[in-house]
Structures are given as structure tokens and as C-alpha cells.
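To keep things clear, I will list the structure first and then write my remarks on it.
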Amino acid sequence: MIKILKYGNVPNSEIFARENIAPDVEGIVTEIIDNVVKNGDDALFEYNKKFDGADLTSLEVTQEEIDEAFELVDDKFIGILKAAAENIRSFHKRQVKNSFIINENEGVVVGQKVIPIEKVGLYVPGGTAAYPSTVLMDSVPAKIAGCKEIVITTPPNKEGKVNPVILAAAKIAGVDRIFKVGGAQAVAALAYGTQSIPKVDKIVGPGNAFVAEAKKQVFGRVSIDMIAGPSEILVVADATCNPAYVAADLLSQAEHDKMASAVLVTDSMDLAKAVQQEIEKQLETLSRAQIARASIDNNGKIIVADDIKVAIDIANELAPEHLELCVDNPFDYLDAIKHAGSIFMGKNCPEALGDYFAGPNHTLPTSGTARFSSPLSVDDFVKKTQYTYYTKEALAKVARDVSYFAEKEGLTAHARSATIRLDEENN
């Protein structure tokens, strides 16, 4: 049963504790990466057989498999995928940043170019659930950014097939290539390249502790979006909220993973107790009840604060991945929220809207990292380079200042490189 804590009556260490510590997988992941670097596709075939029970001779999904999968998915879901993709596209188009040029001083031109990252790899989890939503959330911004090649890796089933809904989403999003491999080995393949899988420049997408550790280890050789931890939700709810709604929203994250965390912060002890009972009632009806039970019992908590202002202070301290602001007039409190991956406003905005359909991205900072990082966006799929141009006359006006600055840092070659162009005997 989820525990209830009264803020001010228990130590803050208990209020702000994060119990979902990832297992120590560093050594295992290092071994997997080394094997992929050394043996390429052979290592991937070995891991597919070992971890997924799939005995494959080819890793890439064929166009025939994609077309077949598209036919297997019901028309209603295809329509929903297309509508979701359009919402995601509409939101992310507004994130596009343009190159700029400044030519305000005579003889001086400076500017910045915004350039798409050429090759990106998207990791799409498999295992206990399929995530076509991740395909859309990760690939649509990459397409908008203008990435030349978008590659997906995702685990196959025992028959060597990829879930049809993932392939359907990939087709709708315009993904270029899809490979049947998951786990840390997929990250290694994207980072280093194998005989079949191209080396990419950036890897994005969520995954388990092994995937997160692999992304951490290959960072530097390639870029990554973030090192994501288990999923989490924090609901700020006032006394007038429907406890059934709040319980359902908490369980929507708890069913993701045994290590997921679901937290309610409220100003009402009556609501806290009602939600506690409602969680127990709804748990019995879930298809993933065992997973949700472990999450709720081990990582869930209900915190009772004196008022909503204090509740928001607690939320800011926890900096959750998903924050539901289940209060009347939620926009009155929006400016007070300083640290959250994505905010869901009001009593009719379940976090599931963001997971699938509304348009804002669902790849979000976890484990308190929303204090300093942001949701996945078009910005993650571009890089910026800058340029400078000075005429000889423009340089002459500032060269001695540049030289003086360099000498203050003790860098005489820097200083000379500016002033040598003023010396007539060198011209």
C-alpha cells in the first residue's frame, strides 16, 4: 500500500528520497560494448539469441516486413497514429531555430549556422511492452530538423519479428532504416557501427538500466539526448479532486516499471486517504498489476502539505519528469513551477495525453534532472557552427586590443597573430 507522509512531521530526507536506484550494470555493459566493437554483427546475432530468443541471419527490417506490418495494424489505430504524428509535428515545428548573420560594423561579419545532425539513431524499447509513441516522439523532431538518415534499433520477438505497431509508426514518421536489436548491444552498434548497422552521430530514446548505462559509456564518441532513469509522475492535487482520477494517473506511471515512482502531493488528508484506497481498488484491475504493485509499494508516496503553495515548493524540489497540476485555475500557478519535465494543467489533463497524443514530447528528463535539462526537441537534432569575417581595415581597428588581451593570458603567439598583420614589413 502506498504510504502517506505528513510534510513537517517526517524528516525531509524521507520526503525527498528517491528509492528507485538502478542496479550496478557497468561491468556487464562494458563487456557487451567491447564484444560488439570486436565482433560486429556476430555479437549482435549472439545477443539476439541469448536475450530475445531470436535466431536471426539478417538484422535489417525489410520493406516487405514494414508493408506487411502496416496491413496487420487496424485502420483505427493507423488513424490515431497519424493524428498523433500531426500533433507532434505541429508542436515541434515551432521549435525550429534559424541561422543568423550580424553585419552592423563596417568590415565585420559574424554569424551562426544551424545544421542538422547527419545520422541519428533512435532506440525504441521492446520487452514487456511496445512503444510506437516513442517512435513518433523521437523521429518526428529529427525529420523536422532535417537529419539525413534516421535509424531505429528495437528488440525482436522470439520469431525474429518487430512488433507491427512499431513498424507502422516508423513508416508514418518516415524513418529510413530499422534494425532488429535491443539492449546495450544496440547502443554499441549505433555508436561504433557494424557490418549491417551504420555508425550514427547521436543516439536518443529511453531504455532500461542497461541501455542507460550503454549511452553513458559511449557518450563522447557520439552525442546522446540524456541518461534517463525510471519513469516518474508527481501529482499536485487540491481537496476538490476526484480521488479515482488521481489514483488512475498515479498508476499510469507505476505500470511502466517496478522502479517507476508515483507521488501525490496534496493539501488534504481526506484526499490522501481516499486516493490510497482507490489505488488498492484499481490495482486489482490492471493487466500489469504485479509491476504497478511493486512500483507503488516501493517507490510511491503521498505527501500531505499545509497548502498548495507548499505542495508546489515540494514539487520544485523533486523536479519530476511528469507534473500534473490538478487544481482549479492551474494557469495561476504555472509561473511558480520552476523544475519539471512536462506540466499537465488542470483536472482533465491526464499525463497519458502527453505520452501519446497532445504534441509536446514525452522523452523527458528524470531523476531530478529537470532542474537543469529539457524535453527532447528539434534542438537535439541540430548543431550550431559560427563564423567570423573581418576586412584588413576592420582588423586594424581592434588588433592591438586583441593582442593586449592575449598578453594578459600569457599567450604571446596569440598576440602576435593579431598584430603581425599590421606590420608593413610582413605585408
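Worth saying up front: this structure is predicted, and the values here are computed from it rather than measured. Worth knowing before you read on, the calculation uses all heavy atoms, side chains too, and leaves out hydrogens, waters and symmetry mates.
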#### Entry: N348, CG: over 12 other non-hydrogen atoms inside 6.0 angstrom
no

### Task
Inspect the surroundings of CZ in F405 and state if more than 12 heavy atoms from other residues, nucleotides or ligands are less than 6.0 Å away.
no

### Message
Suppose we screen for side-chain hydrogen bond (donor to acceptor under 3.5 Å, both in side chains). Which residues come up paired with S377, at least two apart in sequence or across chains?
### Response
none

### Task
Please answer whether the main-chain N or O of A244 pairs with a side-chain N or O of Q282 as donor and acceptor at a distance below 3.5 Å.
yes

### Task
For D201 and K119, indicate whether the former's side chain and the latter's backbone hold a donor-acceptor pair under 3.5 Å.
yes

### Message
Run E68 and K161 through side chain to side chain contact (heavy atoms under 4.5 Å, CB included) and show every step you take.
### Response
CA-CA 11 Å; E68 178 189 6; K161 299 286 188 178; 4.2 Å; yes

#### Entry: Distance (rounded to the nearest 0.5 Å) between L250 CG and L234 CG
8.5 Å

### E321 (side chain) donor-acceptor with E232 (main chain) under 3.5 angstrom
yes

### Task
Determine the minimum heavy-atom distance between L136 and P141, stating which atoms define it.
O-CD, 3.9 Å

### Query
Excluding sequence neighbours, so at least two apart, what forms side-chain hydrogen bond (donor to acceptor under 3.5 Å, both in side chains) with D297?
R293

### Task
For residues Y123 and T134, determine if any side-chain heavy atom of one lies less than 4.5 Å from a side-chain heavy atom of the other.
no

#### Entry: Distance-minimising heavy-atom pair for A130 and V165
CB-CG2, 4.1 Å

### Query
Just wondering, do T363 and D380 contact through their side chains at under 4.5 Å, heavy atoms?
no

### Query
Backbone N or O of D355 within a donor-acceptor pair of the H362 side chain at under 3.5 Å?
yes

### Message
Can you tell me how far apart CG (L44) and CG (N35) are? Round to the nearest 0.5 Å.
### Response
8.5 Å

### Task
Return yes if some donor-acceptor pair links the side-chain N/O of N12 with the main-chain N/O of I15 below 3.5 Å, else return no.
no

### Message
Is there a side-chain contact between P156 and L56 in this structure, where contact means two heavy atoms from C-beta onward sitting under 4.5 Å apart?
### Response
yes

### Residues, nucleotides or ligands: over 12 heavy atoms within 6.0 Å of K6 NZ
yes

### Message
If I compare all heavy atoms of K338 with all of D335, which pair ends up nearest, and what's the gap?
### Response
NZ-O, 2.9 Å

### Query
So which heavy atom on I227 is nearest to which on A212, and how close?
CG2-O, 3.9 Å

### Task
Name all pairs fulfilling the salt bridge (Lys or Arg N to Asp or Glu O under 4.0 Å) condition that reach into residues 240-269, sequence neighbours left out, sorted by first residue then second.
none

### Query
Can you name the residues that form a salt bridge (Lys or Arg N to Asp or Glu O under 4.0 Å) with R89, not counting sequence neighbours?
E86

#### Entry: Heavy-atom check, side chain of F70 versus side chain of I172, under 4.5 Å
yes

## Note on the structure
Sorted by chain and residue number, the salt bridge (Lys or Arg N to Asp or Glu O under 4.0 Å) partners of D225 (sequence neighbours excluded) come out as K215

### Query
NZ of K158: more than 12 outside heavy atoms within 6.0 angstrom?
no

### Message
Tell me if a side-chain donor or acceptor on Q276 pairs with a main-chain N or O of I2 at a distance below 3.5 Å.
### Response
yes

### Message
Would you say S268 and D270 are linked by a side-chain donor-acceptor pair, where the criterion is simply a distance under 3.5 Å?
### Response
no

### Query
Which residue pairs pass the ring pair (Phe, Tyr, Trp, His ring centres under 6.0 Å) test when at least one of the two sits in residues 340-361, sequence neighbours left out?
none

### Message
Going by salt bridge (Lys or Arg N to Asp or Glu O under 4.0 Å), name the residues that satisfy it together with K97, two or more places apart in sequence or in a different chain.
### Response
D379

### Query
Nearest 0.5 Å, what's the CE-OG distance between M226 and S374?
8.0 Å

### Message
Does anything in residues 23-55 form a ring pair (Phe, Tyr, Trp, His ring centres under 6.0 Å)? List the pairs, not counting sequence neighbours.
### Response
Y47-F51

### Task
Answer yes or no: is there a side-chain heavy-atom contact under 4.5 Å between R221 and K199?
yes

#### Entry: For D34, salt bridge (Lys or Arg N to Asp or Glu O under 4.0 Å) partners two or more places apart
none

### Task
Determine whether more than 12 heavy atoms belonging to other residues, nucleotides or ligands lie under 6.0 Å from atom CD of E46.
yes

## Note on the structure
Rounded to the nearest 0.5 Å, the CG atom of L167 sits from the CG atom of D67 at a distance of 10.0 Å

### Residue pair P320 / V263, side-chain heavy-atom distance below 4.5 Å
no

### Message
Suppose we screen for side-chain hydrogen bond (donor to acceptor under 3.5 Å, both in side chains). Which residues come up paired with E213, at least two apart in sequence or across chains?
### Response
Q217

### Task
For S367 and T369, indicate whether the former's side chain and the latter's backbone hold a donor-acceptor pair under 3.5 Å.
no

### Task
Please check if atom OH in Y387 has more than 12 non-hydrogen atoms from other residues, nucleotides or ligands closer than 6.0 Å.
yes

### Task
Evaluate the side-chain proximity of V236 to Y333: yes if any heavy-atom separation is below 4.5 Å, no if none is.
no

## Note on the structure
Between A170 and I152 the two heavy atoms that sit nearest each other are CB-CD1, 4.1 Å

#### Entry: Distance in Å, N316 CG paired with I314 CD1, rounded so as to fall on 0.5 Å steps
10.5 Å

### Query
P125 versus P206: any side-chain heavy-atom pair under 4.5 Å?
yes

### Task
Test side chain to side chain contact (heavy atoms under 4.5 Å, CB included) on L283 and E280 and set out the steps.
CA-CA 5 Å; L283 261 171; E280 293 301 307; 4.2 Å; yes

### Query
Quick check: does any side chain N or O of T266 sit under 3.5 Å from a backbone N or O of A272, one acting as donor and the other as acceptor?
no

### Task
Under the side-chain hydrogen bond (donor to acceptor under 3.5 Å, both in side chains) rule, collect the residues that match up with Q253, sequence neighbours excluded.
S231, E351

### Query
Can I166 and Y131 be said to form a side chain to side chain contact (heavy atoms under 4.5 Å, CB included), step by step?
CA-CA 7 Å; I166 289 178; Y131 296 100; 5.8 Å; no

### CA sep, side-chain torsions, deciding dist, call: D238, K347, salt bridge (charged side-chain N to carboxylate O under 4.0 Å, His left out)
CA-CA 10 Å; D238 62 27; K347 298 176 180 179; 3.5 Å; yes

### Summary
NE2 (H92) and CG (N87) are apart, to the nearest 0.5 Å, by 11.5 Å

## Note on the structure
Closest non-hydrogen contact found for V235 with C326 is CG1-SG, 3.8 Å

Less than 3.5 Å apart, which donor and acceptor atoms pair up between the side chains of residues 173-193 and the rest of the protein, not counting sequence neighbours?
unit_1 : atom_1 : unit_2 : atom_2 : d
D176   : OD2    : I150   : N      : 2.7
R177   : NE     : E60    : OE2    : 2.9
R177   : NH2    : E60    : OE1    : 2.9
K180   : NZ     : E65    : OE2    : 2.8
K180   : NZ     : G160   : O      : 3.0
Q185   : NE2    : G182   : O      : 2.9

### Query
Is it the case that more than 12 heavy atoms not belonging to Q63 sit under 6.0 Å from its CD atom?
yes

